[in-house]
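Treat the numbers as computed from the prediction; the structure is a model and nothing was measured. First listed ligand is number 1; within each ligand, the first listed atom is number 1.
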Amino acid sequence: MAKLIAGNWKMNGLRADGIALAQRIADWTRAERPSAALALFPPATLLAPLAELLAETEVALGGQDCHSAAKGAHTGDISAIMLADLGCRYVIVGHSERRQNHGETDAQVAAKAKAAHLAGLIAVVCVGESEAERDKGGALAVVTRQLTGSLPPASEAANTVVAYEPVWAIGTGRTAAPADVAEMHAAIRRHLVERAGAGDQVRILYGGSVKPDNAGELLAVENVDGALVGGASLDAQSFIAIAKAAPGPQSTPGET
Ligand code: PGA
């Protein structure tokens with residue numbers, strides 16, 4: 001499958017900058033036809049203009065979060081069906097910043113992922129241990145528990161991407177060692193294969209301080225099917241350099 005390089009802009013980007021950034025990435029994909037699949041996750045305020053800008057391109061669009069309900073009295077929230085209606089293909093759920101800042105639980109993340117599936121979106125379900133949990137030797141157990149609690153039963157390759165993001169590596173400039181990434185991604189793969197048919201086809205992304213100078217090494221690790229990029233996705237040149245570092249597809253069963 002082609003590697004997926006996803007840019008999570010978080011709460012960054014005013015209209016002019018965000019549109020210019022997306023335009024540069026779209027122009028590059030038109031000119032170079034990269035082997036990696038690309039997706040952008042701008043703040044909600046930029047979804048509508050980017051949906052228009054990216055409509056005829058190979059760059060997919062996604063929301064950074066959704067509510068678990070389809071509609072209703074939830075001031076400030078956005079439903080998965082609204083994101084789909086705008087032209088989104090993906091939605092991130094359970095990012096560690098939402099788990100920390102908004103107290104989101106595994107059960108809430110699973111409900112959001114289920115809503116995404118019902119809306120026809122691909123849920124990018126984020127998991128990852130804290131530094132203290134890793135130091136105590138509990139990283140694998142934490143991530144396995146998060147997967148068990150955060151993936152709804154109907155999760156499969158067509159509707160789910162898992163993103164492994166060690167919390168201590170997000171926005172810190174520190175990345176997990178390739179051997180640790182390999183160990184964790186292999187454990188996630190085993191979990192996916194055991195719980196669902198075709199779990200071997202679910203993309204597993206690595207996230208946490210992915211930059212142009214470490215992307216090649218991280219993307220070459222077995223079971224790393226792409227990257228969820230935060231800070232480095234805010235600069236077109238860095239994001240493009242990361243996409244260029246992605247090795248081409250090994251095999252293409254059922255994948256575009
Ligand atoms: P970072 O963020 O690349 O800035 O570490 C990654 C993420 O939170 O998705």
Asks: Please could you name the atoms of ligand 1 that Ser209 approaches to less than 4.0 Å, counting only its heavy atoms?
Replies: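 This gives 1 (P), 3 (O), 5 (O) as the contact atoms.
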
Asks: Hey, does Gly171 sit under 4.0 Å from ligand 1 if you only count heavy atoms?
Replies: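 In this structure, Gly171 qualifies as a contact of ligand 1 - some heavy atom is under 4.0 Å.
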
Asks: Using modelled atom types only, decide if a donor and an acceptor are shared between the side chain of Gln146 and the backbone of Gly128 within a distance under 3.5 Å.
Replies: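 Pair found, side chain donor or acceptor close to backbone of Gly128.
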
Asks: Below 4.0 angstrom from a heavy atom of Leu228, which ligand 1 atoms are there? Numbered from 1 as shown, please.
Replies: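 So the atoms of ligand 1 that pass are 6 (C), 9 (O).
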
Asks: Please say which of Glu104, Glu165, Gln64 ends up in a side-chain hydrogen bond (donor to acceptor under 3.5 Å, both in side chains) with His95.
Replies: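 Output: one option passes, namely Glu165.
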
Asks: Indicate yes or no: at least one non-hydrogen side-chain atom of Glu97 is less than 4.5 angstrom from one of Ile170.
Replies: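 When only atoms from C-beta onward are counted, Ile170 and Glu97 do touch, with a gap below 4.5 Å.
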
Asks: Atom CZ of Arg98 and atom CD1 of Ile92: how far apart are they, to the nearest 0.5 Å?
Replies: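 Going from CZ on Arg98 over to CD1 on Ile92, the span is 11.0 Å.
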
Asks: Quick one: does Lys211 get a heavy atom under 4.0 Å from ligand 1?
Replies: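 The answer is no, since Lys211 has no heavy atom less than 4.0 Å from ligand 1.
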
Asks: Under a plain distance cut-off of 3.5 Å, with no hydrogens placed, do Thr160 and His117 share a side-chain donor-acceptor pair?
Replies: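 His117 vs Thr160: donor-acceptor pair found between side chains.
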
Asks: Under a 4.0 angstrom heavy-atom cut-off, which atoms of ligand 1 come close to Gly208?
Replies: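 Reading through ligand 1 atom by atom, the close ones are 5 (O).
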
Asks: Among all protein non-hydrogen atoms, which one is nearest to atom 3 (O) of ligand 1, and what is the separation to 0.1 Å?
Replies: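 For atom 3 (O) of ligand 1, the nearest protein heavy atom comes out as Gly230 N, 2.8 Å.
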
Asks: May I ask you to decide whether Asp27 forms a salt bridge with Arg30, counting only side-chain N to carboxylate O separations under 4.0 Å?
Replies: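 Yes, Asp27 and Arg30 are salt-bridged.
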
Asks: Under a 4.0 Å heavy-atom limit, does Cys126 contact ligand 1 with its side chain, its backbone, both, or neither?
Replies: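 Neither part.
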
Asks: Do NZ/NE/NH1/NH2 and the carboxylate oxygens of Arg189 and Asp225 come within less than 4.0 Å?
Replies: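 Salt bridge between Arg189 and Asp225, a charged N being under 4.0 Å from a carboxylate O: yes.
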
Asks: Taking only heavy atoms of Ala169, which atoms of ligand 1 are found under 4.0 Å from at least one of them?
Replies: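 What qualifies from ligand 1 is 5 (O).
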
Asks: Can you list the ligand 1 atoms lying under 4.0 Å from a non-hydrogen atom of Glu165?
Replies: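 The atoms of ligand 1 under 4.0 Å from a heavy atom of Glu165 are 6 (C), 7 (C), 8 (O), 9 (O).
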
Asks: For ligand 1, does Asn8 get within less than 4.0 Å through its side chain, its backbone, both, or neither, judged by non-hydrogen atoms?
Replies: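 The answer is the side chain.
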
Asks: For atom 2 (O) of ligand 1, what is the nearest protein heavy atom, given as residue, atom name and distance?
Replies: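 Checking every protein heavy atom, the shortest distance to atom 2 (O) of ligand 1 gives Lys10 NZ, 3.2 Å.
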
Asks: To the nearest 0.5 Å, how far apart are NE2 in His191 and CD1 in Ile188?
Replies: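 Answer for the NE2-CD1 pair, His191 versus Ile188, is 9.5 Å.
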
Asks: Considering only the protein, which heavy-atom contact is closest to atom 4 (O) of ligand 1, and what is its distance?
Replies: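 Answer for atom 4 (O) of ligand 1: Gly231 N, 2.8 Å.
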
